[in-house]
There are 2 protein chains.
Amino acid sequence: MAKTNPDESAPVRQRGVTMKDVANHAGVSRTAVSIVLSNRENASISEETRTRINHAVQELGYRPNAGARALASRRSDWYGIVTEIVTAPFAVDIIKGAQDQAWLDRRFLLIAPSDQADAVGPNQGLEDAATEKLLEQRVEGLLYAATFHRGVHVPQSANEVPTVLINCFDADGKLPSIVPDERGGGRVAVERLLQAGHTRIGIINLDPDIPAAVGRLEGAREALANAGLELDPELVVSGYATADGGYEATCHILDRYPESDRPTALFCLNDRMAMGAYDAIKERGLTIPGDIAVIGFDNQELIAAYLRPKLTTVALPFEKMGALGVQTLAALTAGQPILADQQLVDCPLLERSSV
Amino acid sequence: MAKTNPDESAPVRQRGVTMKDVANHAGVSRTAVSIVLSNRENASISEETRTRINHAVQELGYRPNAGARALASRRSDWYGIVTEIVTAPFAVDIIKGAQDQAWLDRRFLLIAPSDQADAVGPNQGLEDAATEKLLEQRVEGLLYAATFHRGVHVPQSANEVPTVLINCFDADGKLPSIVPDERGGGRVAVERLLQAGHTRIGIINLDPDIPAAVGRLEGAREALANAGLELDPELVVSGYATADGGYEATCHILDRYPESDRPTALFCLNDRMAMGAYDAIKERGLTIPGDIAVIGFDNQELIAAYLRPKLTTVALPFEKMGALGVQTLAALTAGQPILADQQLVDCPLLERSSV
DNA sequence: CCCAACAGGTAACGCGCGTTACCAACATCG
DNA sequence: CGATGTTGGTAACGCGCGTTACCTGTTGGG
């Protein structure tokens, strides 16, 4: 009764073709097949038997068994990544970057979900389980990816294998990490506004304590200083990191000043807040970028590319961070030294139409 | 020179603890350990040695080797999913649904990227490679996920193992598939508008040929028919599936009629077009939903939840489809019969504030 | 008192493959 | 002509584990 495929019209399915079968079919030993397939340099197999073996492989449709190979060679060619894929509009980009890079290196990326509700509290049950599962698969390296830049604690068992943090950093500062250059991003954003002639720049801030806010604000300050200006604390308004929060903060900042003294540009520390800012600005009959220029941060495609006018913003280099994470891991597993404990990745400015 | 960890302060890292070590430490045979760890029912191991073994496992920090287990037991506990993660704002949700379900079943989901540019053209090089790689890992089942509902061609080798299609269907109609109930979604959207008292409903259509457009439109027609109304073809405008496309189509439809005859509601066949519709409506000094109600489709969180007012829309059940895909696969690999070749998944209405 | 029926455990084989040690045939050299 | 490579291969071991066949007491029944 347990037939998987009731209607089996005898396709060319050769399941379970093993190396031995290939060897028999080619009239050689299994060792010879192994040598040819792993085509080493110092081999000593005649060209003739070599092609004979390759033909046998083709004819039988032989497919190597990765598991067995891993067992025998004691290398799995797998990396593992632990990430909160749940609430993550971003995480996917990190995964994609890592995935593609791993694929280039002919490695597999095992993805394990981590629903850590709180980074601090020891709600690490699931996360530990994820790590454990990955180690059971004998991954050669581990990646931990966060959805927003912050400090994290990593399960103990991660010590057993090279580990790299992406978009987050180890609170104990032992593990190598890849994070966005928030400060550089803030600088480039404000420089762009300065270059467009704006000198009174309002800043719609995030929660001031998180690394993103600290870095971006610092960058803004730096850019202003380079232009001989100072950051007016009055012009910095914090709000919830949502469209509503951005809307309210923008209302606040726009209504506080007479038109003559009003900021002519807004630097929103994320795109969702920029979305709210758009509404507040339009509501007041002002135009973008004519009356007020807006620049965002994060480059959430769905927002930035579809707002009207399209939003000029600073991109978070998720894909690049993912790729760099895998590269760093590759270096570590190969025993090579890595460049630095913390690698900063550029946040490039994406010009659209709101400045 | 190739030291992975130069500063090795002797942590409790016990790498390579094997079953034999556990056996020795507990003073039993390796077989006994194997039996206890795979805790079978018909075992005959005394409670005492059983706990002794468990203690040894704890003390040595033994971690089973999943690869070796797979090799010996001839079952890998792995599924593979091939998906175009690249341009995909959605795919991630399918993956998440599948991932979570697989995790519940204590299985791993191997994700392989497929950058098939064209579903029809034989640009299947990469996709074939992905499938091949997955089969080398001896996955027990395969999932193919598309980012938008459409027909696809699947590599030959997929026949070797149970296969399920998600958000797409086999052009040859052989493989089981999981797709959204587009028609039901269209129906529920229009029903909601009817219920709010709207009878003149404009429809911002997608490319009329794709399954999504066909189904949703059919559903709309059905809902109207149930209310004794007919679909006015004049009120259906197709455009590019973007915010700009939605903007233009909406302008077209709004400017064509005198105010008295203007539609009082718009059914946008996706959220990006709804985004453009918002702009067109607001530009004309009209309010949402006061003057014109808007309903979308897809539930792209970043758009729907952050538009002002928040967009009422019909959700595409990606996560559920992913989960159902894995469940179907589980049934197939267990040799159980499946319910139907094509399973439809409900598209639920999400009430927000635009109706 | 002998035999069957357990409970409690072990030896040994094989999964598919990488790898090392070894072997035969031939060419080269002093 | 024997010693010494070199070329082209093979036998055999082990990776870590599941599984089956078997073995050794101890009981209970006739």
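Here is how names work: the chains are called A, B, and so on, in the same order as the sequence lines, proteins then strands, and each is numbered from 1.
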Looking for any heavy atom pair under 4.0 Å, which part of the strands does [X] touch: base, sugar-phosphate only, or nothing?
| X | answer |
| --- | --- |
| A/Ser46 | sugar-phosphate |
| A/Ser34 | base |
| A/Leu71 | base |
| B/Thr31 | base |

Given 3.5 Å as the limit, does a donor-acceptor pair link the side chain of A/Ser29 with the main chain of A/Ala32, or not? yes
Using a 3.5 Å distance criterion without hydrogens, assess whether the side chain of B/Thr333 forms a donor-acceptor pair with backbone atoms of B/Glu140. no
Mapping A/Val33 and B/Glu47 to their closest nucleotides on DNA chain C, which lands nearer the 5' end? B/Glu47
Closest-nucleotide 5' rank along DNA chain C - winner of A/Thr18 and B/Thr49: B/Thr49
Residue B/Gln156 excluded, over 12 heavy atoms near CD under 6.0 Å: no
Test item: B/Leu37 and B/Pro64 side chains (from C-beta on) under 4.5 Å apart, heavy atoms: no
Are the side chains of B/Ile94 and B/Asn167 in touch, meaning some heavy atoms are under 4.5 Å apart? yes
Reading DNA chain C in the 5' to 3' direction, which nucleotide is the first one with an atom under 4.0 Å from a heavy atom of chain B, and which is the last? C/dG8 to C/dG16
When A/Gln101 is tested against each of A/Lys320, A/Gln327, A/Lys96 for side-chain hydrogen bond (donor to acceptor under 3.5 Å, both in side chains), which residue passes? A/Gln327
Do B/Val326 and B/Arg107 pass the side-chain contact (heavy atoms from CB on, under 4.5 Å) test, and can you show the C-alpha distance, the side-chain angles, and the key distance before you say yes or no? CA-CA 10 Å; B/Val326 168; B/Arg107 291 170 170 279; 5.8 Å; no
Qualifying ring pair (Phe, Tyr, Trp, His ring centres under 6.0 Å) pairs with a residue from residues 53-80 of chain B, counting only residues at least two apart or across chains: A/Trp78-B/Trp78
Which parts of residues 22-30 of chain B get close to DNA chain D, meaning a heavy atom less than 4.0 angstrom away? B/Arg30
Would you kindly compare A/Ala72 and A/Arg52 by the position of their nearest DNA chain D nucleotide and give the one closer to the 5′ end? A/Arg52
